[in-house]
Amino acid sequence: MNERILSRSIDPAAQAMLTVAEKAHLETAWDRFEKQLPQCGFGELGVCCRHCNMGPCRIDPFGEGPTKGVCGATADTMVARGLLRMIAAGAAAHSDHARDVAHTLKLTAEGKGGGYEIKDEAKLQRPAEEYGIPTEGRSKEEIALDLAKAALGEFGQQEGPIQFTRRAPAKRVQTWEKLGIDPRGIDREIVEIMHRTHMGVDNDYVNLILHGLRASLADGWGGSMIATELQDVLFGVPQPIRSQANLGVLKADEVNVIVHGHEPILSEMIVAAAQDPELLALAKGVGAKGINVAGICCTGNEVLMRHGIPIAGNFLQQELAVITGAVEAMVVDVQCIFPALADLASCFHTRFISTSPKAKFPGATHMEFHEETAYETAKAIVRTAVENYPNRNRARVYIPDEKSECMVGFSVEAILAALGGSLNPLLDAIKSGAIQGIAGVVGCNNPKVQHDYGHVNLVKELIKNNVLVVTTGCNAIACAKAGLLLPEAAELAGDGLKGVCQALGVPPVLHMGSCVDISRILVTCAAAANALGVDISDLPVAGAAPEWMSEKAVSIGAYVVASGIFTVLGTVPQVLGSPNVTALLTAGAEGVVGAKFAVEPDPFKAAKLIIDHIAARRAALGI
Amino acid sequence: MKEIFVRLDRCVGCHACELACAVEHSVAKHLFAAIAETPVPRKRLYVEYILQRKLPLLCRHCEDAPCVRACRTGAMSQDALTRIVTHDPDKCIGCWMCTMVCPYGVVGRQLERRIAVKCDRCPDLDVPACVTACPTKALVYAEEEEFAGGVRRVAAAEVVEGYVTAQTV
C-alpha cells in the first residue's frame, strides 16, 4: 500500500477501499481536497465578506492592502459575522431536524403517523412534567400531543425561556440571564443572527459573539435536546446493545441497504421494512440470503443504538461504502451527504436514493418520504434495493474484512441504570480520583486530518489517563471501529478507570448517540453539577472535536463553551484573521462564561490540554 | 531557465498569489503564524485592476536589469547564470533608485525598515509560491520555449481552423 493512501486514513478498511478506488480511478473526497489545495488564505482567516453587493471584500492580513471592507467593516466584524452565520446554519440544521421529530410525534399522537407509535411511555413523563403538562389519568397519545405542541411552540416563540434550558444549574442560567444570552425562542435567535449579520447592523464583535452564543444555546438546550427527547419517546430510549462497526458489516450474499444522514424518522421505517416478510421473500427470490441494513453517520448511530443495526462507517467512508460494489441502495435523508455520491454511484449498480423534500441531489433517484405514508415509502425503497440485487457485478465486489464488535446505547437513563439508579457512584469515583474527569469527544471527519487519527488517539490518550470518555457522532463510530466501545477496552485505560469499568461491566468510552445527542452529555453534566451543588464550569469535564468540519460543529462548540465546558478543536476555525475575536474565544470567554476554546491539531497535545484542565478543576474543587 | 509567465485571460483577482508570496517570505512559512510576525512579511507581486481586467504584475528579472544598474550600493545584483535579480537587505540604503527605474513598479518597500523588497523567485522552492497558489493557473512557471510553444500551438490551430473554414466556404 502506498504512502499516499496510508497518510489518508488509519483505518485498514478505509485504506483497502482507497487502494481499490485508486486502481479504478474513482475520485474520493481526499482527491477533491488535494485539488482544492492551496485553499484560499482569506477564507482560512475569515477575512472575506460576501454579505452585500458592494463586495466581495477582503482584508489584507498583512496590513499592506485594505484594512476595511467597503462599508468600513473591520477584520473583527467580518470574522465575528462569518462565525455567527456558521452558528446559524448549524443551529438551524439541528433544530429543523427537531422540528420534524416534534411534527412526527404530533401526527403520531393524532393517529396520522403512517406506522409510527409512541414506544416509550415512561420517557414521556419527565418532559411532560417540565412543560407542566398533566399526565394523571391521560393516555400516552394525549400527553404526547400536548408535548409535541409545547415543543413546536418553542420554535416560533418570542419570549423565553426555552423549557429545557432550565435543566442547567441555576448558577448557569443566572450567568446566561446576566449576559443577556438566555435564548428566547429557537427560530428567533437564528433569524436574529441573519439580521445582525446583514450589512450595516451589528458591527461590534463582542456583541455579535454574545448573540452567537445565545443562538447556539437555543440549539444545544433547545433544538438538539428536543430532537433527542422526542426521538426517545417515539423510538425508545437507547439501552446498551452490542453490534458491529466498519465496512466489513456489508454482506456478500445479502441485499445491502445503507441508511446515511441524520434523522431516524426514515431509517426506523427502513429497518422495519427490511424485516417485512414480503420483501424478505422477494430477496430470496432474487438469490439473496436476506436484507442487510447498515448505517453511516448519525442516521447510522440512531439505528445502531436503538436496534443494534451495524454501522458501516463514519463521514469519510460514505464513498468507500459505494466502492465496495456491494451496496444495492444508498438511502439518504439530510446533512453531511456528499453530492459526489451521485457520480460515484453511477459507476456501480448502486441506487443513490434521496428522500427528503429538503435535500435533493442531481443524479439521485428521489423517493420522497412523508410521515403519513412512512411505511409504504420505506417498503418501496427497500423493494428498489432488492430488485437491484441481480444487477450487482460480482467481479467488482470487494468488501474488506474489518469489522469490530462494539457496545453502544448509553443514554443518560442507561448510564443511571448501569450505576444502580443514581449518579453518585460515578461522582464518588471522580471524587476518589479513580476517574479524573469526563471528556465529551465528538465531531466529524475532515480530510485535513488523517481519517480517525485525531479521534482514536485523543480518546486512547484520555482513557489511559483515567478520563472517562463519552462520545457521539463520527467520533463514536471511529471509537467503535477501533474496538474502544467494548468493556474489554478497559485494559487500555488507566488503573482507576479500568477498575470502575470492570466493576460496572461498561466500556471506558460510552457511546451516547448521534450529534443531536450531545444534549445527553449536557444533561449528564447538569445533573452532576446539581448533585455537587456547583456550576457546570466548575466540573472536571472537557469537550473535544478532533476532526470537525461542519457548521453544526461550530454551533455545538459554541453551546458547549457557553454551557461552561472547556473545548479543544482539532482543526482551525476560520477566525484567525481577527486577533480580537481569536483572543475572545481562546481566553476572554473564560471570564465571561467560565470556559474557552483551545485549538490543537495534535491529539496527544490536545489530551494534555484536557488532562491539565481537569486537574485544575479538581484542584479548585478540592478533590 | 524557467520564468514566471502570466496567462493574461486567466486572473480572477483572488490575490492568492500575494498571500502565498508574503507567507513564503515569512519566518514561519505558515499563514496562521505569519500574520502575527514582525517585521510584517511582504508580498513581492501585485494584482492590478485596470480597464476592467485583473493582472498579476511581478518582477520580470529583465536582462541588463535597470534596477541593478541604478543601485549605488550593490544591494541589487543579477546572477550571472540564472539571471535572477536579487536584493540584499543588508546593503540597501533605501534610496529608491531601483523603484524609480523599474518599468513595472514591482520593487516594494518593507514597512518597518526603509529598504526595498522584491521577487527573489523563491530560492527555497522548486516552483515559486505564487505559481503554486494560483487556483486558475494564470501564473505558469515554464521555459520560455515551453510557454511560447503552447501559445504557438493555439495560434496555429486557430490559423488552420480559419484556413479550413475559408476553403469550405
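Chain letters run A, B, ... following the sequence lines, proteins first, then strands; residues in each count from 1.
Within 6.0 Å of the CZ atom in F33(A), the count of heavy atoms belonging to other residues, nucleotides or ligands exceeds 12. Counting heavy atoms of neighbouring residues, nucleotides and ligands inside a 6.0 Å radius, atom CD1 of I50(B) does not exceed 12 of them. Atom CZ of R69(B) is surrounded by more than 12 heavy atoms from other residues, nucleotides or ligands within 6.0 Å.
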Cross-chain donor-acceptor list, chain B and chain A, 3.5 Å limit, no angles:
residue, atom, partner, partner atom, Å
G13(B), O, R58(A), NH2, 3.0
C14(B), O, R58(A), NH1, 2.4
R42(B), NH1, E64(A), OE1, 2.7
R42(B), NH1, E64(A), OE2, 3.3
R42(B), NH2, F62(A), O, 3.2

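Among all heavy-atom pairs drawn from I35(B) and L576(A), the shortest one is CD1-O, 3.5 Å. Smallest separation of non-hydrogen atoms from A22(B) and F62(A): CB-CE1, 3.4 Å. Heavy atoms only, all atoms of each residue included: P61(A) and L19(B) are closest at CG-CD2, 3.6 Å.
Of the inter-residue distances, the one linking L31(B) atom CG with F42(A) atom CZ reads 9.0 Å to the nearest 0.5 angstrom.
With a threshold of 4.5 angstrom between heavy atoms, A36(B) does not approach chain A through any atom at all.
Contacts with chain A (heavy atom to heavy atom, under 4.5 Å) involve no residue of residues 145-162 of chain B.
Your options are A16(B), A133(B), G108(B), and the one with the most heavy-atom pairs under 4.5 Å with chain A is A133(B).
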